[in-house]
2 protein chains.
Amino acid sequence: MGATKTEHFTNRQNQIAILAKALGHPARVAIIEYLMGVDTCICGDIVNVLPLAQPTVSQHLKELKNAGLIKGNVEGNAICYCIDETALEILQGYFAIVSTSLEKKKNNCC
Amino acid sequence: MGATKTEHFTNRQNQIAILAKALGHPARVAIIEYLMGVDTCICGDIVNVLPLAQPTVSQHLKELKNAGLIKGNVEGNAICYCIDETALEILQGYFAIVSTSLEKKKNNCC
DNA sequence: TTTTTATATTGCAATATTACGATAAACTTT
DNA sequence: AAAGTTTATCGTAATATTGCAATATAAAAA
């Protein structure tokens with residue numbers, strides 16, 4: 001065994017887990033933060049920014065793309081990677097709901 | 001190889017990654033949501049709520065505790081697990097900042 | 001004290017992740 | 001066309017995760 005039993009959980013739970021898992025590595029958090037920091041999205045220099053080899057960075061980018069956190073367009077010789085705002089809005093919305101839900105039951109807990 | 005190079009990233013990036021990774025499994029998302037739903041935190045029935053064997057649930061709870069997302073107190077025969085609001089506020093704050101940061105540069109991207 | 005009940009730990013197998021060298025693919029430039 | 005540049009994929013090794021049966025631990029109940 002060792003395979004996640006996704007079928008037993010709700011779509012929302014699986015979706016949040018996929019997005020969270022994609023951000024579950026500091027390199028991928030760093031990539032998202034870097035993409036947020038640059039103005040344009042013609043950003044073919046992500047490899048130089050990270051302390052990892054080029055294949056490793058490429059793999060992390062692939063995982064972020066698979067999870068839906070970034071979009072990638074071929075732009076001549078360089079690849080244009082951009083943040084997919086939708087995914088981050090989903091996470092933002094989720095944790096906003098969680099936070100307000102927790103505020104309502106302040107001090108009900110140990 | 002195969003070990004995450006945490007030392008090359010900022011404390012903040014590592015912290016977000018740890019929290020996100022802990023939520024990177026639907027069972028753990030489900031646990032957090034369940035703990036949010038109950039009023040008191042004398043909740044010794046998490047095992048029955050999840051479609052997983054008892055040792056598996058115990059392991060997921062351990063990971064959530066290690067990441068700082070939940071707190072656990074021994075409460076007689078049952079363990080009292082509670083959400084650690086601090087951790088979820090960190091996530092909420094992080095994604096709020098990310099979201100507002102993205103709004104400022106609307107349509108600058110592909 | 002013995003039994004019951006509830007959670008934790010151990011041990012193991014299957015699978016996934018992480019990282020990078022080597023290589024391939026694709027577009028630019030000369 | 002040939003050389004250079006950039007990103008993707010392949011192959012592989014080390015490590016981590018996932019899941020559960022078996023077992024251990026600990027407190028409550030009998």
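These figures come from a predicted structure and were not determined experimentally. Throughout, a chain's letter reflects where its sequence line sits, starting with A, and its residues are numbered from 1.
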Kindly write out the residues that satisfy side chain to side chain contact (heavy atoms under 4.5 Å, CB included) with [X], not counting sequence neighbours, or none if the list is empty.
X	answer
A/Ala17	B/Pro26, B/Val29
A/Ala27	A/His25, A/Leu52, A/His60, B/Phe9
B/Ile32	B/Leu23, B/Leu64, B/Leu69, B/Ile70, B/Ile83, B/Leu88
B/Ser58	B/Gln54

Rounded to the nearest angstrom, tell me the gap between atom [atom1] in [X] and atom [atom2] in [N].
X	N	atom1	atom2	value
A/Asp45	D/dT5	CG	C1'	14 Å
B/Glu7	C/dT18	CD	P	15 Å
A/Asn48	D/dT7	CG	P	8 Å

Problem - salt bridge (Lys or Arg N to Asp or Glu O under 4.0 Å) contacts in which one or both residues fall within residues 48-62 of chain A, not counting sequence neighbours - result: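 Qualifying pairs: none.
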
Practice task
Determine which pairs satisfy salt bridge (Lys or Arg N to Asp or Glu O under 4.0 Å) with at least one residue from residues 15-28 of chain B, sequence neighbours left out, and list them in order.
Solution key: B/Arg28-B/Glu63

Problem - Nucleotide of D/dG19, C/dA19, C/dT18 approaching A/Leu52 most closely (side-chain heavy atoms) - result: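 Of the options given, the side chain of A/Leu52 lies nearest C/dA19.
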
Handout entry: Strand contacts (DNA chain D) in residues 12-25 of chain B, 4.0 angstrom heavy-atom criterion
Key = B/Lys21, B/His25

Polar atom pairs between nucleotides 8-10 of chain C and protein, under 3.5 Å, N or O only, would you list them?
from, atom 1, to, atom 2, distance (Å)
C/dA8, OP1, B/Tyr81, OH, 2.9
C/dA8, OP2, B/Ser58, OG, 3.2
C/dA8, N7, B/Gln54, NE2, 2.7
C/dA8, N6, B/Gln54, OE1, 2.9

Handout entry: Rounded distance (nearest 0.5 Å) linking atom SG of B/Cys82 with atom NZ of B/Lys65
Key = 10.0 Å

Handout entry: Set of ring pair (Phe, Tyr, Trp, His ring centres under 6.0 Å) partners for B/Tyr94, sequence neighbours left out
Key =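 So B/Tyr94 forms no ring pair (Phe, Tyr, Trp, His ring centres under 6.0 Å) with any residue.
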
